[in-house]
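To keep things clear, I will list the structure first and then write my remarks on it.
Throughout, protein chains are lettered first and strands after them, A, B, ... in sequence-line order, and every chain is numbered starting at 1. The model shown is predicted, which means the values in this text are computed figures rather than measured ones.
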Amino acid sequence: MLDMKYLRKNSVEAAERLKARGVDKAQLDELLDLDQNRRQTIQEVETLKAARNEASDKIAYAKRNKQDATQAITEMQSVSAKIKVLDKQQTELDLKVKELAAHLPNLAANDVPVGKDEESNVEQRKWEPITEGQPRIQKTKPEWLKAHYEIGEALGILDFERGAKVSGARFLYYVGDGARLERAVYNFMLDEHRTEGYTEMITPIVVNDEAMFGTGQYPKFQDDAYRVEGLNQTYIPTAEVPLTNYYSGETIPAEDLPIKFTALSPSFRKEAGAAGKDTRGLIRLHQFNKVEMVKFTKPSQSYQELESMTKNAENILQKLALPYHVIMLSTGDMGFSAAKTYDVEVWMPQQEVYREISSVSNTEDFQARRMHITYRDDNEQLQLVHTLNGSGLAVGRTVAAILENYQNEDGSVTIPEVLRPYMQGQEKLVATPHH
RNA sequence: GGAGAUAUGGCACAAUCUGGUACUGCAACGGACUCGAAAUCCGUCGAGCCGCUUUUGGCGGUGUGCGGGUUCAAAUCCCGCUAUCUCCUCCA
């Protein structure tokens, strides 16, 4: 949610910055009109209420002294009727203002490139391993190179067919070493983040509508969410929702900031509008595991924390020796709540493209305003905290990247060294019958 | 899932039957006393949100778990909801 006072006082600048996020000026104008209307109504009704309060005191006083108050009561009847009408008007205007404001995306930070889509994203840095024998970006692709889902099916560790049979398209079973590899990957990630100072959490994976509103998924993006039928609850699309809402409505002691959380959770997405896209493999599923990072910070430190959170995501890929690059998203490509976002994209050698594996955002006070998360500054004044979130990383996509980058010509897959302790010392994935 | 109870400031509680300025204590803050502190005494103390404003502040509105209703007026009466506790039932 944007600050109404800012929008009121800086409407020209706000219109410009919203335009960069794809919002038409008419939308802002409509909101400001309603806001103006609302404040006028408030002034009217409050004048009447002040009068009523005063009269009410007099009536009470008269009654206590056994005096007649019939006349005052009669007068107040009409005043109260007017108040009722105006109150209703105000409630309606409140709702409309809130509704419109809730649909406005966050404003982008100053250094974010302006553009209408991913074409305007800007690469920040590239990384690939230097050690001999580790995955490198090859100038020429060997012809035996397979896609991760081909490897997974050949090794018998990913079963998409039975996933579709039992659940539906875009669901799968991990089988045997596949399940163990997935588990190794997320245990490794959680251990790394814990070392970096994140508090590990296991969260609810069903949340209420208020929580979905707080982080900005609702009301605008309900179509992509798995709702629990008959209840105002939703299967989380990311652990960002329960992690960030942990402090909703609370004032955090300033000395506790910054606070850092991490959690593994399944993530559920309908992928509405992605029909026919990335239909094969681990890239786009209705349910996938993700290790998430969330931070609560003072405003002055949020951008430095954004950099370090991005480094925390990169660290995982570096330790796994997977090639990647980092891009800064343009105003047109960023998510609804973000003020600035870095995407980390891992190299997928079979398709020869970088694939998003992490998205790290600073939402500034956008989510905190929706959730009312505050702290007291040095002058004891309540201020909104800044919230950040990032994947650290998408687990399924990491498994996909490992399979493709670590595959050998004989069809086996070498297990990255850092994962071997999590796989009882196993060094390779080879085809093994298990049933 | 069934039955009962509870929800009031940072904390603990009163007022609810019988509608009329939300009591008191603790904590906190300011001051006095003191070399300083404790104790004591005096004073202040509804957080948040909203509106207006001449903006280190002032005025008003809202605010007794949440949402409605009745009334000139609701902590209080009526309806709905949520959470917590106790008992029963069920369960990994």
Side-chain angles (χ1 to χ4, degrees), chain A residues 1-11 31-102 202-214 218-219 228 230-234 242 245-256 266 296 365-385:
Chain A
M1 196 86 85
L2 299 173
D3 183 5
M4 276 309 299
K5 282 181 194 144
Y6 167 82
L7 295 180
R8 249 179 240 149
K9 286 183 190 156
N10 309 73
S11 60
L31 173 63
L32 290 176
D33 270 6
L34 277 169
D35 176 60
Q36 172 69 24
N37 213 326
R38 169 178 172 271
R39 284 182 296 143
Q40 237 162 45
T41 309
I42 286 174
Q43 284 181 51
E44 267 178 70
V45 73
E46 285 192 352
T47 308
L48 289 177
K49 280 182 179 174
R52 182 180 68 181
N53 286 345
E54 203 179 321
S56 209
D57 284 349
K58 281 182 188 154
I59 292 169
Y61 180 82
K63 292 258 181 185
R64 270 198 300 274
N65 293 298
K66 311 266 187 237
Q67 290 163 354
D68 179 60
T70 317
Q71 196 197 331
I73 288 174
T74 314
E75 279 169 20
M76 278 305 109
Q77 280 174 348
S78 69
V79 172
S80 264
K82 272 185 208 156
I83 288 174
K84 204 170 202 175
V85 171
L86 286 171
D87 256 346
K88 199 168 208 169
Q89 265 178 40
Q90 195 210 318
T91 307
E92 277 166 22
L93 286 166
D94 280 351
L95 282 175
K96 277 188 198 159
V97 166
K98 204 184 167 193
E99 170 74 13
L100 286 185
I202 295 176
T203 74
I205 62 173
V206 174
V207 298
N208 60 30
D209 290 352
E210 216 180 333
M212 289 291 277
F213 176 86
Y218 284 2
V228 182
L231 298 170
N232 293 322
Q233 292 176 326
T234 303
N245 276 280
Y246 185 78
Y247 283 118
S248 64
E250 297 191 30
T251 299
I252 303 175
E255 62 269 24
D256 292 351
F296 305 84
D365 62 12
F366 186 82
Q367 294 180 327
R369 184 170 293 106
R370 288 176 160 232
M371 287 181 285
H372 301 117
I373 304 180
T374 54
Y375 75 102
R376 287 194 191 277
D377 66 16
D378 295 341
N379 300 319
E380 289 292 298
Q381 295 300 302
L382 281 178
Q383 303 288 350
L384 294 167
V385 301

Between the side chain of Asp377(A) and the main-chain N/O of Gln381(A), is any donor-acceptor distance below 3.5 Å? yes
Base, sugar-phosphate alone, or nothing: which one does Lys49(A) contact when heavy atoms must sit under 4.0 Å apart? sugar-phosphate
In whole angstrom, what separates Lys84(A)'s NZ from rA73(B)'s C1'? 13 Å
So what does Lys88(A) hit on the nucleic acid, given a heavy-atom distance under 4.0 Å: a base, only sugar-phosphate, or nothing? nothing
Residue pair Tyr375(A) / Leu384(A): nearest heavy atoms and the distance that separates them: CE2-O, 3.8 Å
Identify the two heavy atoms, one from Arg370(A) and one from Tyr218(A), that lie closest to each other, and give their separation to 0.1 Å. NH1-O, 3.1 Å
rA14(B) and rU6(B): how far apart are their C1' atoms, nearest whole angstrom? 16 Å
Within the pair Asn53(A) and rU62(B), is there a side-chain N or O less than 4.0 Å away from OP1 or OP2? yes
Measure from CD on Gln43(A) to P on rC59(B) and round the result to the nearest Å. 18 Å
Closest non-hydrogen atom pair between Pro242(A) and Pro204(A), with its separation: CG-O, 3.6 Å
Would a 4.5 Å heavy-atom cut-off, applied to side chains only, mark Tyr246(A) and Met371(A) as touching? no
Pairwise P distance for rC85(B) and rG68(B), with rounding to whole Å: 28 Å
Whole-Å distance, Met4(A) CE to rC49(B) P, equals 16 Å
Who does rG60(B) pair with, Watson-Crick or G-U, both distances under 3.5 Å? rC50(B)
When you measure from the side-chain N and O atoms of Arg8(A) to the phosphate of rG51(B), is any distance below 4.0 Å, counting only OP1 and OP2? yes
Given atom CG of Asp94(A) and atom C1' of rG63(B), what is their separation to the nearest angstrom? 15 Å
Supply the atom-to-atom distance Leu86(A) CG to Glu44(A) CD, rounded to the nearest 0.5 angstrom. 5.5 Å
Atom CG of Asn208(A) and atom P of rC66(B): how far apart are they, to the nearest Å? 17 Å
So, with a heavy-atom separation below 4.0 Å from RNA chain B, the residues of residues 72-81 of chain A are Ile73(A), Met76(A), Gln77(A), Ser80(A)
Over how many whole Å does the gap from Arg370(A) atom CZ to rC49(B) atom P extend? 18 Å
According to the Watson-Crick and G-U wobble definitions, with both distances under 3.5 Å, which nucleotide is paired to rC11(B)? rG25(B)
Contact class for Arg369(A) (heavy atom, under 4.0 Å): base, sugar-phosphate, or nothing? nothing
Mind checking Ile59(A) for me? I need base, sugar-phosphate or nothing, with any heavy atom below 4.0 Å counting as a touch. base
Could you please name the partner base of rG65(B), counting Watson-Crick and G-U wobble pairs only when both distances are under 3.5 Å? rC81(B)
Could you list all the salt bridge (charged side-chain N to carboxylate O under 4.0 Å, His left out) pairs where at least one residue sits in residues 31-41 of chain A, not counting sequence neighbours? Arg8(A)-Asp35(A), Asp35(A)-Arg39(A), Arg38(A)-Asp94(A)
Given rC50(B), is OP1 or OP2 found less than 4.0 Å from the side-chain N or O atoms of Arg39(A)? no
In whole Å, what separates the C1' atom of rA7(B) from that of rU16(B)? 14 Å
Complement of rU40(B), any strand, by Watson-Crick or G-U distances under 3.5 angstrom: rA32(B)
Atom OH of Tyr375(A) and atom C1' of rG48(B): how far apart are they, to the nearest Å? 17 Å
Separation of rC49(B) C1' from Gln90(A) CD (nearest whole Å): 12 Å
